[in-house]
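Along the sequence shown, residues carry numbers from 1. Remember, predicted model here, so these are calculated numbers, not experimental data.
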Amino acid sequence: MKTCLLLLISALFIASCTPKAQLVTIRGDNLKAVPDQGLVMDNDTMTLRYSFSHERGQMQILLVNKLNRPLYVDWKRSAFIVGKEKLDYWYDVADVNLSTSTLGSWYSRYSIGSINGVISKDDPVGFIPPGTQLAKKQFVVYPNGTIRLPGQPEVIEEASKSGNRRKPVAVDIYTYQPDQSPLQFRNYLTLSTDKDFKSEFIIDTKFWASDIRVLPATQLGEVIVHDYEGGSYFESLPFKKPDGFYIRLPIQ
């Protein structure tokens, strides 16, 4: 009896110390979820693709010009929006990288120094020639903390992705409608088919977390077992979910 009690306490302790994560699935109101690509808008003019795969959701935009003439995006009049806060893509500032060099020796009383620098500045307008694409990676969707999860989860069991565990693992699934989601943001883009923006058009996309799963962090990746003559070995594949991202939870 004493042995059984110790085993139970040990199991509970291990479970409480197992690192967990929030796995967030993102949806957009004018985008379609496409496996292995992310969230996509596709028309005769362009293909617009969003992906978020990195930890905490580093948003990457890919714009593909399908026209036989250039396409332009005005970063000065585009923004990433969280609540009422507008974060600009372009600022009228320049980056300066400096380096120094010195002419002299250990035995010289005098030395001659110089400072060299490179000044760089982002272009306020993105130029996309026909049949080419432009990528932009600038904002992190949830840079700090963990997402507060209102409501009651659905609890399911799924197969373990850990190579040395056979028992299924418990996963809490929180599902949300767009207006009730605890994570909402927008991305606002101003584009045109002429450089003077006389034919400009706007793409204003509302994003939300459609479901958030709380699960062991080991479930984020994938473990593949390779068998060979004489034994087997495990291969760990990295996290890949173009329409979502993960947040590691602190160990309780």
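Residues M41 and F52 share a single hydrophobic cluster, defined by chaining ILVMFWY side chains whose heavy atoms lie under 4.5 Å apart. Cluster membership check: V82 does not share its hydrophobic cluster with V140, using side-chain heavy-atom separations under 4.5 Å among Ile, Leu, Val, Met, Phe, Trp and Tyr. Under the 4.5 Å side-chain heavy-atom criterion for grouping Ile, Leu, Val, Met, Phe, Trp and Tyr, I156 is connected to L23 within one hydrophobic cluster. Linking ILVMFWY residues whenever their side-chain heavy atoms come closer than 4.5 Å, directly or via other members, places L87 and V141 in the same cluster.
Under the 3.5 Å distance criterion, the side-chain polar atoms of S181 are left unmatched by any main-chain donor or acceptor of W208. Checking side-chain atoms of D194 against main-chain N and O of S199 turns up a donor-acceptor pair under 3.5 Å. A donor-acceptor contact shorter than 3.5 Å is absent between the side chain of E158 and the backbone of V171. With hydrogens and angles disregarded, a donor-acceptor distance shorter than 3.5 Å links the side chain of R56 to the backbone of G145. When atom types are taken as modelled, the side chain of Q138 and the backbone of Y89 share a donor-acceptor pair closer than 3.5 angstrom. Judged by distance alone, the side chain of S78 and the main-chain N or O of T190 form a donor-acceptor pair under 3.5 Å. Although no hydrogens or angles enter the test, the distance criterion places no donor-acceptor pair under 3.5 Å between the side chain of Y176 and the main chain of L183.
Partners of F245 according to the ring pair (Phe, Tyr, Trp, His ring centres under 6.0 Å) rule, which considers only residues two or more places apart in sequence or in another chain, do not exist here.
Atom-to-atom distance recorded for R213:CZ and E154:CD is 8.5 Å, nearest 0.5 angstrom. For the atom pair Q37 CD and K32 NZ, the distance stands at 10.0 Å (nearest 0.5 Å). One finds the CD1 atom of I26 at 12.5 Å from the OH atom of Y50 (value rounded to the nearest 0.5 Å). Note that NZ of K20 is 8.5 Å distant from CG of L249, once rounded to the nearest 0.5 Å. Distance check: D196 CG to Y72 OH gives 8.5 Å after rounding to the nearest 0.5 Å.
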Test K206 against D179 for salt bridge (Lys or Arg N to Asp or Glu O under 4.0 Å), laying out the working first.
-> CA-CA 10 Å; K206 177 183 177 181; D179 293 335; 2.7 Å; yes
Under the side chain to side chain contact (heavy atoms under 4.5 Å, CB included) criterion, do Q219 and S160 qualify, and how do the steps go?
-> CA-CA 7 Å; Q219 295 295 101; S160 173; 4.0 Å; yes
Given side chain to side chain contact (heavy atoms under 4.5 Å, CB included), test K136 with V73 step by step and report yes or no.
-> CA-CA 11 Å; K136 189 79 167 177; V73 53; over 6 Å; no
I would like to know whether L71 and T193 meet side chain to side chain contact (heavy atoms under 4.5 Å, CB included); could you show each step before the answer?
-> CA-CA 5 Å; L71 186 64; T193 53; 4.0 Å; yes
Dump the intermediate steps for side chain to side chain contact (heavy atoms under 4.5 Å, CB included) on R27 and D243, then the final yes or no.
-> CA-CA 7 Å; R27 289 292 179 261; D243 63 343; 2.8 Å; yes
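Enclosure of atom CD in Q152 is not indicated, since only 12 or fewer non-hydrogen atoms of other residues, nucleotides or ligands lie within 6.0 angstrom.
Shown here for L134 and G126, the closest heavy-atom pair between the two residues is CD1-CA, 4.1 Å. The shortest heavy-atom contact between Y188 and I81 is CB-CD1, 4.2 Å. When all heavy atoms of V24 and A209 are compared, the pair lying nearest together is CG1-CB, 3.7 Å. Scanning both residues, L220 and A21, for their nearest heavy atoms gives CD1-CB, 3.9 Å. Looking at every heavy atom in both residues, Y142 comes nearest to T146 through OH-O, 3.2 Å.
Residues W75 and P124 form no side-chain contact, since every pair of their non-hydrogen atoms from C-beta on lies 4.5 Å or further apart. Side-chain atoms of Y174 and V214, non-hydrogen and from C-beta on, do get closer than 4.5 Å to each other. For the pair F197 and V125, the minimum side-chain heavy-atom distance is below 4.5 Å. Contact check for L215 versus V169: no side-chain heavy atoms found under the 4.5 Å cut-off. Here the side chains of Q133 and R49 are not in contact, with every heavy-atom distance at 4.5 Å or above. For the pair L31 and F207, the minimum side-chain heavy-atom distance is below 4.5 Å.
Using a 3.5 Å distance cut-off with no hydrogens or angles, the side chains of N187 and T205 do not pair a donor with an acceptor. Using modelled atom types, one finds a donor on one side chain and an acceptor on the other under 3.5 Å when comparing T25 with K241.
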Could you pull out all donor-acceptor pairs under 3.5 Å where a side-chain atom in residues 57-66 meets a protein atom, sequence neighbours excluded?
residue: N65; atom: OD1; partner: L67; partner atom: N; Å: 2.9
residue: N65; atom: ND2; partner: R69; partner atom: O; Å: 2.9
residue: N65; atom: ND2; partner: I128; partner atom: O; Å: 2.9
residue: N65; atom: ND2; partner: P129; partner atom: O; Å: 3.3
residue: K66; atom: NZ; partner: D42; partner atom: OD1; Å: 3.0
residue: K66; atom: NZ; partner: N43; partner atom: O; Å: 2.8

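Between F139 and F185, the gap from one ring centroid to the other reaches at least 6.0 Å.
Using cut-offs of 30° and 60° on the angle between ring planes, the pair F239 and Y246 is perpendicular.
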